[in-house]
2 protein chains.
Amino acid sequence: MHIKDLTIEQLEEAANMLKAIAHPMRIAILSYLEDGKKLTVTEIHELLKIEQSTTSHHLGILKDKGVLCSKREGKNTYYFLKHANLSNIVNCVSKCTMG
Amino acid sequence: MHIKDLTIEQLEEAANMLKAIAHPMRIAILSYLEDGKKLTVTEIHELLKIEQSTTSHHLGILKDKGVLCSKREGKNTYYFLKHANLSNIVNCVSKCTMG
DNA sequence: TAGACAAATGCAAATATATAAATATATTAT
DNA sequence: ATAATATATTTATATATTTGCATTTGTCTA
């Protein structure tokens, strides 16, 4: 199956995933979740120096659009990449901006 | 240099590129521009069956954000990928939605 | 069960985006 | 110069997104 054969629904799903990623803070979040790393909301909120609720909101968007998964452990909720190869997207677009 | 070392400006540039791509019609446009292919506005407008002005608008966004380049030849303007590896982004996200 | 900590949600204001219709500009041919 | 074709821009309306504050929900521990 080839990209050109995607239905409008599949194009929309792909667009929604990319739209979820297409935000400076959310790209930063993904960059911290490479190699199967799992981080809590608080850890990300402190790493990025943004509000807890804003962090939670961003994570919710990424989860809702199928980019991240979450797993509750006690008081904490760990977030991690749903598909390892999603790091490629961030790597690829980063490369375009870095060089 | 690693992704995590991106400045806020670079994160924003990367986000702007992804935001430009993150639209069903614009993903479809990129899928037609694989392998260095060059297409005119009219060709894309007919392939995608969307308004000419809408097509031009989408192409303008992709060009403005550094995803596409354009080259005028007579009456026609040909659009093509700025970086070949940008196809990877579309391929990657497509794979996630296809299966 | 009360208190502390972690995360998620509802809300509102500011900002950004999408679409199409109408119009404008650029290029070629007659 | 004028007409025809290809693109681009302007404009307006509708819709979506971002952010932080305040609040709520969930979980553990004393």
Side-chain angles (χ1 to χ4, degrees), chain A residues 8-9 11-30 32-33 37-82, chain B residues 8-9 11-30 32-33 37-82:
Chain A
I8 185 65
E9 287 78 18
L11 283 173
E12 268 162 13
E13 190 185 341
N16 282 333
M17 283 186 86
L18 281 183
K19 214 184 293 184
I21 301 173
H23 184 287
M25 287 303 122
R26 299 201 288 263
I27 291 175
I29 289 171
L30 294 201
Y32 283 111
L33 295 178
K37 288 203 197 64
K38 304 182 201 300
L39 293 176
T40 68
V41 179
T42 300
E43 285 170 330
I44 294 170
H45 138 65
E46 286 169 352
L47 278 168
L48 268 54
K49 299 175 181 51
I50 57 177
E51 287 284 324
Q52 179 273 322
S53 75
T54 304
T55 308
S56 183
H57 196 171
H58 285 314
L59 290 168
I61 289 168
L62 287 167
K63 184 181 176 186
D64 182 53
K65 302 308 182 193
V67 179
L68 298 184
C69 289
S70 68
K71 185 178 56 170
R72 183 137 205 166
E73 283 186 14
K75 285 186 283 192
N76 301 304
T77 301
Y78 287 88
Y79 281 86
F80 51 96
L81 287 179
K82 185 161 179 181
Chain B
I8 184 66
E9 288 79 16
L11 283 174
E12 267 161 14
E13 190 186 340
N16 282 333
M17 283 186 83
L18 281 183
K19 218 183 289 186
I21 302 173
H23 183 286
M25 287 302 122
R26 299 202 288 263
I27 291 175
I29 289 171
L30 294 200
Y32 283 111
L33 296 176
K37 286 201 198 66
K38 305 181 199 302
L39 292 177
T40 69
V41 180
T42 301
E43 286 170 329
I44 294 169
H45 139 64
E46 286 170 350
L47 277 168
L48 268 55
K49 298 176 181 53
I50 57 178
E51 286 283 323
Q52 179 275 323
S53 76
T54 305
T55 307
S56 181
H57 197 165
H58 285 314
L59 290 168
I61 290 169
L62 288 166
K63 185 182 176 184
D64 183 55
K65 303 309 181 193
V67 179
L68 298 185
C69 289
S70 67
K71 185 177 55 164
R72 182 136 205 167
E73 285 188 11
K75 285 186 286 193
N76 300 304
T77 301
Y78 287 87
Y79 281 86
F80 50 96
L81 286 179
K82 186 163 181 181

J.: Using a heavy-atom cut-off of 4.0 Å across all strands, would you classify B:Ser56 as base, sugar-phosphate, or nothing?
T.: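 Base, at least one base atom sits under 4.0 Å.
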J.: Check if the side chain of A:Gln52 and the base of C:dA6 share a donor-acceptor pair of N or O atoms closer than 3.5 Å.
T.: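 When only heavy-atom distances are counted, A:Gln52 does not reach the base of C:dA6 through any donor-acceptor pair under 3.5 Å.
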J.: What contact category does A:Thr55 fall into here, base, sugar-phosphate, or nothing, at under 4.0 angstrom with non-hydrogen atoms?
T.: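 A:Thr55: no heavy atom of the nucleic acid under 4.0 Å.
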J.: Does A:Arg26 make a side-chain N or O approach to OP1 or OP2 of D:dT18 shorter than 4.0 Å?
T.: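 For D:dT18, OP1/OP2 do have a side-chain N/O of A:Arg26 under 4.0 Å.
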J.: Please pick, from C:dT19, C:dA20, C:dT27, the nucleotide with the shortest atom-to-atom distance to any side-chain atom of B:His23.
T.: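 So the side chain of B:His23 is nearest to C:dT19.
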J.: Which part of the nucleic acid, if any, lies within reach of A:Tyr79 when heavy atoms closer than 4.0 Å are counted: base, sugar-phosphate only, or nothing?
T.: sugar-phosphate
J.: Go nucleotide by nucleotide along DNA chain D from the 5' end; which of A:Met25 and A:Lys75 gets its closest nucleotide reached first?
T.: A:Met25
J.: Quick one: which of D:dC21, C:dT17, D:dA6 gets closest to the side chain of B:Asn76?
T.: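 Minimum distance to the B:Asn76 side chain belongs to D:dA6.
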J.: Between D:dT19, D:dT27, D:dC21, which nucleotide has the shortest distance from any of its atoms to the side chain of A:Ser53?
T.: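 Comparing D:dT19, D:dT27, D:dC21 against the side chain of A:Ser53, the answer is D:dC21.
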J.: Applying a 4.0 Å non-hydrogen cut-off, can you work out what A:His57 is touching in the nucleic acid: base, sugar-phosphate, or nothing?
T.: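 The residue A:His57 makes base contact.
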J.: NA contact type, B:His58, heavy-atom cut-off 4.0 Å: base, sugar-phosphate, or nothing?
T.: sugar-phosphate
J.: Evaluate side-chain contact (heavy atoms from CB on, under 4.5 Å) for B:Ile27 paired with A:Glu12, printing each intermediate quantity in order.
T.: CA-CA 9 Å; B:Ile27 291 175; A:Glu12 268 162 13; over 6 Å; no
J.: A:Lys19 has a side chain; which of C:dT17, D:dT17, D:dT19 sits nearest to it?
T.: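 Of C:dT17, D:dT17, D:dT19, D:dT17 is nearest to the side chain of A:Lys19.
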J.: Assess A:Lys71 against A:Tyr78: is NZ or CZ under 6.0 Å from the centre of the six-membered ring, and within 45 degrees of the ring's axis?
T.: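 No, cation not above the ring by the 6.0 Å, 45° rule.
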J.: Please check this pair: side chain of A:Arg26 against backbone of A:Ala20, looking for a donor-acceptor N/O pair closer than 3.5 Å.
T.: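 Pair found, side chain donor or acceptor close to backbone of A:Ala20.
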